Amino acid sequence: MGIVIGPRVIDAGTSLLSVLISPVPVAAGYPSPAQDYFDGRIDLNEHLIKDITSTYIVRVSGDSMEGAGISDGDELIVNRALRPKDGSVVIAVLDGELTIKRLRITASGVLLQADNPRYPDLRVPALSDLVIWGVATRCLHRV
């Protein structure tokens, strides 16, 4: 059994992310000369992914979620087993179209909210076909 990451299938037992870890936090202010060594490796799967069988990575296209820290070209770690709640960043399928938005559940209905004022929120009409495909848990972006 595996998970799909983009076009590739990765075996569930395969470690995707194993890197060296610093044994102490690194200061963003003044550097400490005593913190220039690394101790062992860390498996990022253990820290970033709770359930590998229901977790996917999707690439973001567009800038409608910039206010949430999600930029064009970023990758989102998405868990399909999580229950979406008001305020969750979700991958939604609205009338057959995929979108990444913040889920808002209001007294007047469901809203898919952009986190960029240049984009309108999507009010979901009662007769629309809405499927919440998964809940974003982490955003990976380049610095």
Side-chain angles (χ1 to χ4, degrees), residues 1-32 35 37-143:
M1 179 169 215
I3 61 171
V4 177
I5 300 179
R8 300 173 296 144
V9 175
I10 305 297
D11 290 331
T14 302
S15 177
L16 301 176
L17 307 167
S18 177
V19 295
L20 289 172
I21 183 171
S22 171
V24 294
V26 177
Y30 295 104
S32 169
Q35 297 174 357
Y37 66 95
F38 289 87
D39 183 34
R41 292 198 171 271
I42 183 173
D43 183 353
L44 292 178
N45 289 318
E46 293 177 21
H47 296 276
L48 300 177
I49 299 173
K50 287 187 177 195
D51 180 2
I52 198 163
T53 61
S54 61
T55 300
Y56 294 78
I57 295 178
V58 298
R59 179 158 293 146
V60 176
S61 175
D63 60 354
S64 72
M65 294 302 290
E66 279 187 347
I70 301 170
S71 301
D72 183 55
D74 286 353
E75 286 96 11
L76 295 179
I77 297 177
V78 178
N79 188 328
R80 294 200 66 198
L82 291 179
R83 170 175 246 144
K85 58 185 179 195
D86 182 56
S88 295
V89 173
V90 299
I91 310 300
V93 183
L94 178 60
D95 293 329
E97 299 288 327
L98 276 168
T99 188
I100 300 168
K101 296 288 184 274
R102 188 171 302 279
L103 178 67
R104 292 296 181 192
I105 302 168
T106 68
S108 61
V110 175
L111 186 72
L112 296 174
Q113 183 181 51
D115 276 348
N116 184 332
R118 294 184 309 163
Y119 293 87
D121 297 334
L122 303 174
R123 186 157 306 280
V124 180
L127 297 177
S128 291
D129 183 23
L130 174 67
V131 175
I132 302 301
W133 189 85
V135 176
T137 59
R138 298 275 192 267
C139 178
L140 308 173
H141 63 264
R142 290 169 177 63
V143 293

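We count residues from 1, following the sequence as given. Note that the structure is predicted; figures quoted are calculated from it, not measured.
Taken to the nearest 0.5 Å, the CD atom of Glu66 stands 5.5 Å off from the CG atom of Asn116. Interatomic distance, CG of Asp72 versus CG of Asp74, reported as 8.0 Å (0.5 Å rounding). Atom-to-atom distance recorded for Arg142:CZ and Ser71:OG is 12.0 Å, nearest 0.5 angstrom. To the nearest 0.5 Å, atom CG of residue Leu48 and atom OG1 of residue Thr137 are 8.0 Å apart. Separation of atoms CZ (Arg83) and OG (Ser88) is listed at 11.0 Å; rounding is to 0.5 Å. Atom CE of Met65 is separated from atom OG1 of Thr99 by 8.5 Å, given to the nearest 0.5 angstrom.
Under 4.0 Å is where a charged nitrogen must lie from a carboxylate oxygen, and between Asp86 and Arg104 at least one such pair does. Remark: Arg118 engages Asp63 in a salt bridge, criterion side-chain N to carboxylate O under 4.0 Å.
Scanning all heavy atoms of the two residues, the minimum distance from Val135 to Leu82 falls at CG2-O, 3.9 Å. When all heavy atoms are compared, the tightest approach of Ser128 to Leu94 is CB-CD1, 3.9 Å.
No donor-acceptor contact under 3.5 angstrom links the side chains of Thr55 and Lys50, judged on distance only. No donor-acceptor contact under 3.5 angstrom links the side chains of Tyr56 and Asn79, judged on distance only.
Side chain of Arg80 to backbone of Ser54: no donor-acceptor contact under 3.5 angstrom is found.
Looking at heavy atoms from C-beta onward, Ile100 lies in side-chain contact with Val89 at the 4.5 angstrom threshold. Counting heavy atoms from C-beta on, the side chains of Leu130 and Asp95 never come closer than 4.5 Å. Contact annotation: the side chain of Leu76 approaches that of Ile70 to within less than 4.5 Å [non-hydrogen atoms, C-beta and beyond].
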